[in-house]
Protein chains: 2
Amino acid sequence: MDAIDLRLIDLLRENARSSYAELARQVGLSAPAVHERVGKLEAAGTIRAYRAEVEHEAIGLGVTALIGIVEDSGADTDDVLSALRVMPEIESCYFMAGVESYQLTVRVGTIAELEQLIVRINRTRGVASTRTAIALSTKWENRPQPGLDPALG
Amino acid sequence: MDAIDLRLIDLLRENARSSYAELARQVGLSAPAVHERVGKLEAAGTIRAYRAEVEHEAIGLGVTALIGIVEDSGADTDDVLSALRVMPEIESCYFMAGVESYQLTVRVGTIAELEQLIVRINRTRGVASTRTAIALSTKWENRPQPGLDPALG
DNA sequence: AGGCGCAGGTCGATGGCGTCCATGGCATCA
DNA sequence: TGATGCCATGGACGCCATCGACCTGCGCCT
């Protein structure tokens, strides 16, 4: 992981469909060299996936909400987690410091679906309570921040 | 926007680097047809960008936190927003219903940097108070949910 | 100090792919 | 029913991904 790897990652975070030839031009290496570097970054798990970012309204998922979950005392965290994992509406799931053990980002099509989802989560064994906040609008999302190699300061 | 467009979007959300030939195979069309459809989805803004998803620890951004912001009464929301927008650490920014007008997702390298960021946000004109919760671990993030055409039910 | 081995780079070739164009079918509408 | 416009098809061409061969610089071991 050197400065060129970081540069490649930044470029792919800006546009994941850049060709290897284009990347090679930008970092000043040959295309095969870039190909090998990117392959190693993928194999090492540094690059996890390449995803298209979508206007959620256009695909019928226009309602975004954040849900905090308070666990029952003595609840089995693994049970709660695996119950959450099978709910496709949950886009992201963080395990948090604080009273609310989990913080979720969820996407649904309508407020009615959000209501059903909240009910389902509240009914889950191990969940004591939830707190939901609805996003009225998204100012920006997943804006990539240039990476900083810790070794490079 | 028909079922094939939705399928293409789902495929590109799974792997944004799929070739047009591969996409064409999966949806049963020719490559030029897929090329044109994807181009229109991009032009319409339905597909916003293609991004590599990264292991944040590997690029020196291993600390994730969620920050809620309470605005001053009478604060100019646009001023607050433009002040937030220039902070690269803020990955996502939602305008929320509730006491906390904004909910941020932020990434920094260390707890010390998080502290500095919080101070900077609190000092921002129009910000009354903030509430920060640190993510101890990320269970999953940006998991794509298959799109549902509202017209198709 | 010298030689060996390896990691990682460039170069060149080839096959597949992206992309443009002309053609033809189909549905819509007058 | 005839015209029209959109869209998929298929072919062609040039670029790109990808593989193999060779080269260079560096570390290590003797």
Side-chain angles (χ1 to χ4, degrees), chain A residues 1-60 142 144 146-153, chain B residues 1-61 144 146-153:
Chain A
M1 166 69 68
D2 61 3
I4 291 183
D5 281 345
L6 271 176
R7 186 86 191 290
L8 288 173
I9 289 173
D10 286 348
L11 290 168
L12 286 169
R13 292 222 289 167
E14 278 305 323
N15 179 12
R17 281 182 81 80
S18 306
S19 69
Y20 289 117
E22 178 61 26
L23 295 173
R25 250 169 264 135
Q26 305 248 0
V27 301
L29 289 182
S30 67
V34 168
H35 186 253
E36 187 176 349
R37 277 175 176 265
V38 172
K40 286 181 181 175
L41 288 170
E42 293 168 0
T46 303
I47 296 179
R48 278 217 206 93
Y50 303 98
R51 320 218 100 113
E53 223 183 86
V54 160
E55 182 80 25
H56 290 93
E57 287 84 357
I59 59 168
N142 294 121
L148 304 169
D149 191 337
L152 296 180
Chain B
M1 166 69 67
D2 60 4
I4 291 183
D5 282 343
L6 271 176
R7 187 89 190 288
L8 287 173
I9 289 173
D10 286 348
L11 290 168
L12 285 170
R13 292 222 289 166
E14 279 305 325
N15 179 11
R17 280 182 80 79
S18 307
S19 70
Y20 290 116
E22 178 62 25
L23 295 172
R25 249 169 264 134
Q26 305 250 0
V27 301
L29 291 181
S30 68
V34 168
H35 185 250
E36 188 175 349
R37 277 174 178 264
V38 172
K40 286 181 180 174
L41 288 170
E42 292 169 1
T46 304
I47 296 179
R48 278 217 206 92
Y50 303 97
R51 320 220 100 114
E53 222 181 86
V54 160
E55 182 80 27
H56 290 93
E57 288 83 357
I59 59 168
L61 296 172
L148 304 169
D149 191 336
L152 296 180

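The shown structure was predicted, so the numbers you read here are calculated from the model rather than taken from an experiment.
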Is there a side-chain contact between A/Asp10 and B/Ile59 in this structure, where contact means two heavy atoms from C-beta onward sitting under 4.5 Å apart? no

Ignoring hydrogens, what is the shortest heavy-atom contact between B/Ala24 and B/Val34? Give both atom names and the distance. CA-CG2, 3.6 Å

Once salt bridge (charged side-chain N to carboxylate O under 4.0 Å, His left out) is applied, do any residues pair with B/Arg17, and if so which ones, sequence neighbours excluded? none

Closest heavy-atom pair, A/Ile47 versus B/Ala52, reported as atoms and distance to 0.1 Å, is CG2-CB, 4.4 Å

Heavy-atom distance under 4.5 Å between the side chains of B/Val54 and B/Leu61, does that happen here? no

Nearest-nucleotide 5' precedence on DNA chain C, A/Ala31 against B/His35: A/Ala31

What is the nucleic acid contact for B/Ser30, judged by heavy atoms within less than 4.0 Å: base, sugar-phosphate only, or nothing? base

For A/Asp2, which of A/Arg7, A/Arg37, A/Lys40 qualifies under salt bridge (charged side-chain N to carboxylate O under 4.0 Å, His left out)? A/Arg37

Give a yes or no on whether a salt bridge exists between B/Arg51 and A/Glu14, defined as a side-chain N under 4.0 angstrom from a carboxylate O. yes

So which one's nearest nucleotide on DNA chain C is more toward 5', A/Arg17 or A/Val34? A/Val34

With heavy atoms of chain B within less than 4.0 Å as the criterion, where does contact along DNA chain C begin and end? C/dC17 to C/dC20

Chain A on DNA chain D: first and last contacting nucleotide, 5' to 3', under 4.0 Å to a heavy atom? D/dC16 to D/dC19

Just call it for B/Arg37: base, sugar-phosphate, or nothing, with non-hydrogen atoms closer than 4.0 Å on any strand. sugar-phosphate

I would like to know whether B/Glu36 and B/Leu29 meet side chain to side chain contact (heavy atoms under 4.5 Å, CB included); could you show each step before the answer? CA-CA 11 Å; B/Glu36 188 175 349; B/Leu29 291 181; over 6 Å; no

